[in-house]
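The structure appears right after this line, and notes come after that.
Sequential numbering from 1 along the given sequence is applied to the chain's residues. Just follow the structure's listing: the first ligand is 1, and inside any ligand the first atom is 1.
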Amino acid sequence: MNKKVGFTMLVTLKEMADRAAAEAYAVPAFNIFGYEDIAPVVQAAEAMNAPVILAANLVAVKHMPVPYLAPLMLRAAREASVPVCVHLDHGKDLAACVEAIEHGFSSVMYDGSQLPLEDNIRRTKEIADYAHAHGVSVEAEIGSVGYSDPSIAMKHMLSDPDEVDVFVRETGIDAVAISVGTVHRMESQAASIDFDLLQRIQDRVGIPLVIHGSSGVPDDQLRRLTTYRVAKINIGTALRMAFGRTLRDELERKPKEFDRIALFQQPMEAVREAALAKFALLGFDTK
Ligand code: G3H
Ligand code: ZN
């Protein structure tokens with residue numbers, strides 16, 4: 001199935017997510033940290049004729065600041081043969097979102113999940129108003145998807161359907177990240193989605209739903225998520241493991257090689273293959 005009809009190649013999250021929510025697929029948002037992930041992720045999307053979200057998180061933009069990373073992401077999006085959304089992941093405040101928007105991102109996530117509900121609503125609405133005035137989509141989180149790494153002091157709290165409803169109505173966001181059983185940075189697919197809670201949230205709100213921490217979701221549950229109004233599935237750790245583990249193998253296999261371009265070839269191929277496998281679970285195929 002050709003899912004790119006009606007899109008230009010750099011698209012907003014709203015365009016992409018509204019369509020995904022209505023159809024039986026979900027768009028993966030892969031965390032990228034530079035050209036070595038951007039290129040294989042876009043190649044995988046093109047091979048699957050699938051839309052894709054390139055997500056730059058705080059770690060990525062600390063290593064490669066937005067003025068450097070944005071042109072890379074935007075070039076990849078504009079030259080892709082499939083729709084690509086250039087997205088800021090877990091933006092920490094208005095300034096981070098403004099910087100991304102000024103550099104051409106088509107979507108930002110503001111993460112106020114650690115704040116009391118009223119503060120989360122107030123700050124999210126401020127960012128949504130700013131982003132929408134600039135033609136950019138906004139995702140925000142209610143409830144909190146925690147981290148498997150105990151040194152990361154982020155609370156873990158399942159989303160409350162009543163709160164999700166209020167949050168969505170009062171902020172005007174385009175997609176809502178909810179906490180229904182996933183945990184960030186899991187290295188094995190051992191999460192258990194609370195599908196009953198997901199259904200209750202879906203019954204309350206009309207906008208596309210986003211699942212974070214999806215590296216830990218078992219394959220059968222990833223497939224099942226596409227049958228709900230889940231439009232965006234965030235995947236980071238699975239691809240970082242594919243790159244890092246393959247790089248370690250390459251270093252061991254070629255102890256004399258010091259050229260990182262040579263060492264990066266197999267890890268980039270591993271990222272492409274890992275992304276292809278996730279696309280296949282999320283409703284895409286190569287036909
Ligand atoms: O925002 C990014 C994600 O939620 C990725 O989570 O690294 O556990 O797949 P993950
Ligand atoms: Zn996340």
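- The structure places CG of D89 at 5.5 Å from CG of N234, a figure rounded to the nearest 0.5 Å.
- Within the listing of ligand 1, atoms 3 (C), 4 (O), 6 (O), 8 (O) sit less than 4.0 angstrom from a heavy atom of H184.
- At a heavy-atom cutoff of 4.0 Å, ligand 1 is contacted by no atom of V145, backbone or side chain.
- Looking only at heavy atoms of the protein, atom 8 (O) of ligand 1 is closest to R185 N, 2.6 Å.
- Proximity annotation for atom 1 (O) of ligand 1: of T182, I233, L58, D89, D89 comes nearest, heavy atoms only.
- Inspection of the D219 and Q189 side chains reveals an N or O donor paired with an N or O acceptor under 3.5 Å.
- Shortest contact from atom 7 (O) of ligand 1 to any protein heavy atom: T237 OG1, 2.6 Å.
- Per residue H212, closest N, O or S atom to the Zn ion (ligand 2): atom name ND1.
- A side-chain donor-acceptor contact under 3.5 Å links S179 to the backbone of S144.
- If you take CZ on F105 and CG on L10, they are separated by 10.5 Å, rounding to the nearest 0.5 Å.
- Remark: ligand 1 and G236 share an N or O pair separated by less than 3.5 Å (distance only, no angle test).
- Inter-residue side-chain proximity for K232 and L13 is flagged as met; some heavy-atom pair is nearer than 4.5 Å.
- Only the backbone of S214 comes within contact range of ligand 1, with a heavy atom under 4.0 Å; no side-chain atom does.
- Remark: ligand 1 atoms within the under-4.0 Å shell around heavy atoms of N31 are 2 (C), 3 (C), 5 (C).
- The backbone N or O of E141 sits less than 3.5 Å from a side-chain atom of N120, completing a donor-acceptor pair.
- Polar contact check, R240 against ligand 1: no nitrogen or oxygen pair lies under 3.5 Å apart.
- Under the 4.5 Å side-chain criterion, counting only non-hydrogen atoms from C-beta, F264 is in contact with F243.
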Legend entry - Y25 vs F279, ring-ring contact (aromatic ring centres under 6.0 Å, His included): CA-CA, chis, key distance, verdict: CA-CA 9 Å; Y25 66 89; F279 276 116; over 10 Å; no
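- Annotation: atom 9 (O) of ligand 1 to nearest protein heavy atom, S215 OG, 2.5 Å.
- Between H90 and H184, the ring center distance clears the sub-6.0 Å criterion.
- Of all protein heavy atoms, the one closest to atom 3 (C) of ligand 1 is N234 CB, 3.4 Å.
- Nearest non-hydrogen protein atom to atom 4 (O) of ligand 1 is G213 N, 2.8 Å.
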